[in-house]
Amino acid sequence: MDIREANPDDLNFLAELERECFSEPRRVARQSLKNSVLSAGQVVLIAEVNGERCGAITLIPHKRQMRICSLAVKNGFRGQDIGGGLIQRAIETAQQTGIPRIALEADIHDERLVRWYENFGFEAASVAVDYYGTNEDALKMVRVSEQRIKSRNIIVTDYETGFFEGIPNVTLIRAKQYIEDDEYQNIQNAKIFNLCSSLNYQTVGYYVSLLALARNHSVYPNIISLRDFKNSLIVKSIGDEIHDQIQRELAEETEKTLSLNSCFGYCDRPEYQNLVRLLNLLYEAPLIRYQLEKKNEWSLQKVNTLKLSNITQNAAIKDYAKRYFSKKQFISSALNRYAYDMAILVDDDEAHPPSCRIALNKFKLAARALGFYVEFITKRDYKRIPEFDALFIRATTNVNNYTYDFSRYAYAEGLVVIDDPWSILRCSNKLYLFEALKQAGIHMPKTWTINKNNHYADAVKTMTYPIILKQPDSAFSLGVYKADNPEECMERLSELLKRSEIIIAQEYLPTAYDWRIGVLDKRPVFACKYYMAKDHWQIYNWEQEDEDDSIGDSETLPVEKVPKKVIASAIKAANIIGDGFYGVDIKMIAGEPVVIEVNDNPSVDFGVEDAYLKDQLYTIMMRSFYNRLENDRRVIRKISY
């Protein structure tokens, strides 16, 4: 691949590249492209393969920072590391001109793109709200010059090799030196590339990775990966993270087994270069072999390290090695880089999840800033629970589905978990909840239970209408109905009692809005007014086809602006459940608070619950996890609100 500066003859190509790679709101106009090419203050670079233009990058250099404005690769050339070559040229340009920082923006929803940039040393710096459009946030990422970080790439072997001659940015030493010499025991910011002939348990190679962990060096492969390689269950589970991508990449493969070698990121089967790149995001090691097998679907079966002496040392591999060792940052074990590991359980197929994608990414950023490694997991990752220190459930919870199983397993394994299993049990069944609130003397609407096995027709006639009927496990206003008279009540009950043998009936208390007080660690953290949906008696109107009219407006206020009676009632009701994260719904009737219910797993959505505190809300919640973990370790150190 060749890279050159753009000229006016490239304008048609650049305009076509914009149309091909970006949606209309994100495209750069032709005139702007022309200005960039002709500007003395911008650098536009064109990538070519065999004389054919295939990609471009636009740079704006300043004295202390270079900004990457655009990066695009033409269809048909993706998966050939064209983008990586352009990024590497940008890094080299910054280094040659003494610019210490490179900045860019990436779609916060595109996890794969963010991780790709991280592979070149870019780190999340902040969130640019609505950067691409309404609810289309960008993640601002920054890479600091390797010259300022002063890191060292140290290759450790137990044999002679001339392979690394002419490769810059590396120091080649023997395992004996790394294990015994004071220089390597005390070096800071070192990256250790362990290429010993054997990495099996209790070999010299194994001890190199083990000592690197003890010395707080980044090591590839790390000691956790070496153990993982031996555990087929973990290998399959980690491979599930890119399950869909594996199926797509191998859709045309006719064999039932496949072995792929990755040598410094170079795949010995070029047609599967993109797949190897994806797998390398899961396992970072200089020399690695992936073995995949197809039964009903393709799955990752084995992962092993390779010996340098057993690979074909051609020019392409050497070129990849140069690029590999020029990177500032590699994916390393969470044990090396983070204080704790957090799993956030999500359900991508859920129609009404408790947090939108933007909010989820804000949770991730807040947690990472506090020292967490964060990974989004799904119900397929049940067996991986012991890998984490904390579990944050952001899928709708219910005792009778997998979310409770996740919570219970995590709790049994000693994880800090929100929502804990007891909170799910207590909140998700309204029969329990109302009884517990009544026993505690909480002011609630008048409530009755209707039992399928008892004669309830007479009781229905004596109730005051309108009345609210609720399934015990209802959520998000689903399974909740209003009956205006005894006849309508009996009709609704005939359907509801098919799903549950007991139904809750509650007096109807009309208000323009409900208070929702978010309570965490027995303290209020947010306060919202949820207004009723247009021409409806609930916050949600699921029968409304117009999405704008299906949910009522909301207003978020500082906690101190909420009536003290409301806050006091919310805290008292939440404390009956536990010390987790709850949303307490309250109506004000004749100046007095009436608790409607306490919800575990309350919604935290971008632009709603975070509208007042903004990013601080996510930080407060992640600090709760951190403090709980620190308290579990009996460590005095604590991050305060």
Side-chain angles (χ1 to χ4, degrees), residues 81 84 115-116 118-121 151 153-159 161 163-164 167 169-170 172-173 175 178 190-201 203-213 217-232 234-239 241-242 259-269 272-292 300-313 317-318 320-337 373:
D81 209 31
R115 292 179 71 178
W116 185 75
E118 288 177 337
N119 209 33
F120 290 94
S151 61
N153 296 329
I154 300 173
I155 299 170
V156 181
T157 69
D158 54 359
Y159 52 83
T161 177
F163 177 81
F164 299 100
I167 295 180
N169 305 316
V170 299
L172 180 64
I173 65 171
Y178 183 74
K191 298 185 182 73
I192 309 302
F193 300 90
N194 186 357
L195 300 184
C196 290
S197 55
S198 176
L199 302 180
N200 290 334
Y201 183 61
T203 63
V204 168
Y206 176 86
Y207 284 117
V208 167
S209 285
L210 186 66
L211 286 174
L213 176 64
H217 294 164
S218 299
V219 59
Y220 314 93
N222 60 64
I223 201 71
I224 302 299
S225 293
L226 292 179
R227 292 298 303 273
D228 288 351
F229 294 163
K230 305 298 182 183
N231 190 321
S232 60
I234 291 177
V235 168
K236 291 178 183 178
S237 178
I238 293 176
E241 291 186 30
I242 59 169
S259 180
L260 300 175
N261 293 337
S262 173
C263 305
F264 310 107
Y266 174 82
C267 181
D268 61 343
R269 297 274 300 271
Y272 293 126
Q273 181 68 49
N274 190 52
L275 177 56
V276 159
R277 185 177 296 106
L278 291 169
L279 291 167
N280 286 346
L281 294 175
L282 304 178
Y283 291 102
E284 178 66 52
L287 304 172
I288 194 165
R289 171 177 291 157
Y290 301 105
Q291 297 182 54
L292 301 102
L300 183 63
Q301 294 292 315
K302 291 183 180 180
V303 180
N304 302 103
T305 54
L306 292 170
K307 295 181 181 180
L308 183 64
S309 58
N310 290 344
I311 66 173
T312 303
Q313 298 181 18
I317 292 179
K318 190 124 181 180
Y320 265 79
K322 291 178 181 178
R323 191 177 306 167
Y324 182 87
F325 290 111
S326 69
K327 291 191 294 184
K328 176 204 121 181
Q329 183 177 346
F330 294 77
I331 301 168
S332 60
S333 166
L335 188 61
N336 284 337
R337 297 174 56 200
Y373 168 80

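Residue numbers count from 1 along this sequence.
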(message) Under the criterion side chain to side chain donor-acceptor pair (under 3.5 Å), I'd like the reasoning laid out for N280 against Y290: C-alpha separation, chi angles, the key distance, then a yes or no.
(response) CA-CA 10 Å; N280 286 346; Y290 301 105; 2.6 Å; yes
(message) Pair R323, D81 - check side-chain contact (heavy atoms from CB on, under 4.5 Å), show working.
(response) CA-CA 11 Å; R323 191 177 306 167; D81 209 31; 2.3 Å; yes
(request) Check the pair L172, T161 against side-chain contact (heavy atoms from CB on, under 4.5 Å), reporting the backbone distance first and the verdict last. (result) CA-CA 9 Å; L172 180 64; T161 177; 4.1 Å; yes
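No donor-acceptor pair closer than 3.5 Å links the side chain of D158 to the backbone N or O of A175. In this structure, Q273 contributes its side chain and G265 its backbone to a donor-acceptor pair below 3.5 Å. Distance alone, capped at 3.5 Å, places no donor-acceptor pair between the N261 side chain and the D268 backbone. Between the side chain of Y159 and the main chain of L195, a donor-acceptor pair closer than 3.5 Å is present. A donor-acceptor pair under 3.5 Å links the side-chain atoms of S209 to the main chain of P221, judged by distance alone.
If you look at F193 and F164, their ring centroids are not closer than 6.0 Å.
Atom CG of residue L308 and atom OG of residue S197 lie 11.0 Å apart, to the nearest 0.5 angstrom. Note that CG of N304 and CD1 of I288 are 8.5 Å apart. Values are rounded to the nearest 0.5 Å. Annotation: the span from Y320 atom OH to C267 atom SG amounts to 9.0 Å, rounded to 0.5 Å. Put simply, OH on Y324 and CG on N119 are 9.0 Å apart, with the number rounded to the nearest 0.5 Å. Atoms OG and CG, on S218 and N153 in that order, are 10.0 Å from each other to the nearest 0.5 Å.
Residues V235 and Q301 share a closest heavy-atom pair of CG1-O, 3.7 Å. Residues L300 and V303 share a closest heavy-atom pair of CD2-CG2, 3.9 Å. Taking both residues in full, the closest heavy atoms of Q291 and S259 are given as CG-OG, 4.1 Å, listed atom of the first, atom of the second, then distance. The shortest heavy-atom contact between F163 and F264 is CE2-CE1, 3.6 Å.
Considering only heavy atoms from C-beta on, L275 comes within 4.5 Å of L260 through its side chain. When side chains are defined from C-beta on, T305 does not count as touching L287, because their heavy atoms never get closer than 4.5 Å. Counting heavy atoms from C-beta outward, K191 and F325 have side chains that stay 4.5 Å or more apart. You'll find the side chain of R269 stays beyond 4.5 Å of the side chain of V276, heavy atoms only. Looking at S262 and L279, their side chains never come closer than 4.5 Å, going by heavy atoms from C-beta outward. Counting only heavy atoms from C-beta outward, the side chains of H217 and Y178 approach each other to under 4.5 Å. Considering only heavy atoms from C-beta on, L199 stays 4.5 Å or farther from F229 through its side chain. Proximity of N274 to R277: side-chain heavy atoms (C-beta onward) are separated by under 4.5 Å at one or more points.
Side-chain contact check for N194 and Y207: no donor-acceptor pair (N or O, by modelled atom type) lies under 3.5 Å.
Other residues, nucleotides and ligands place no more than 12 heavy atoms under 6.0 Å from the NZ atom of K302.
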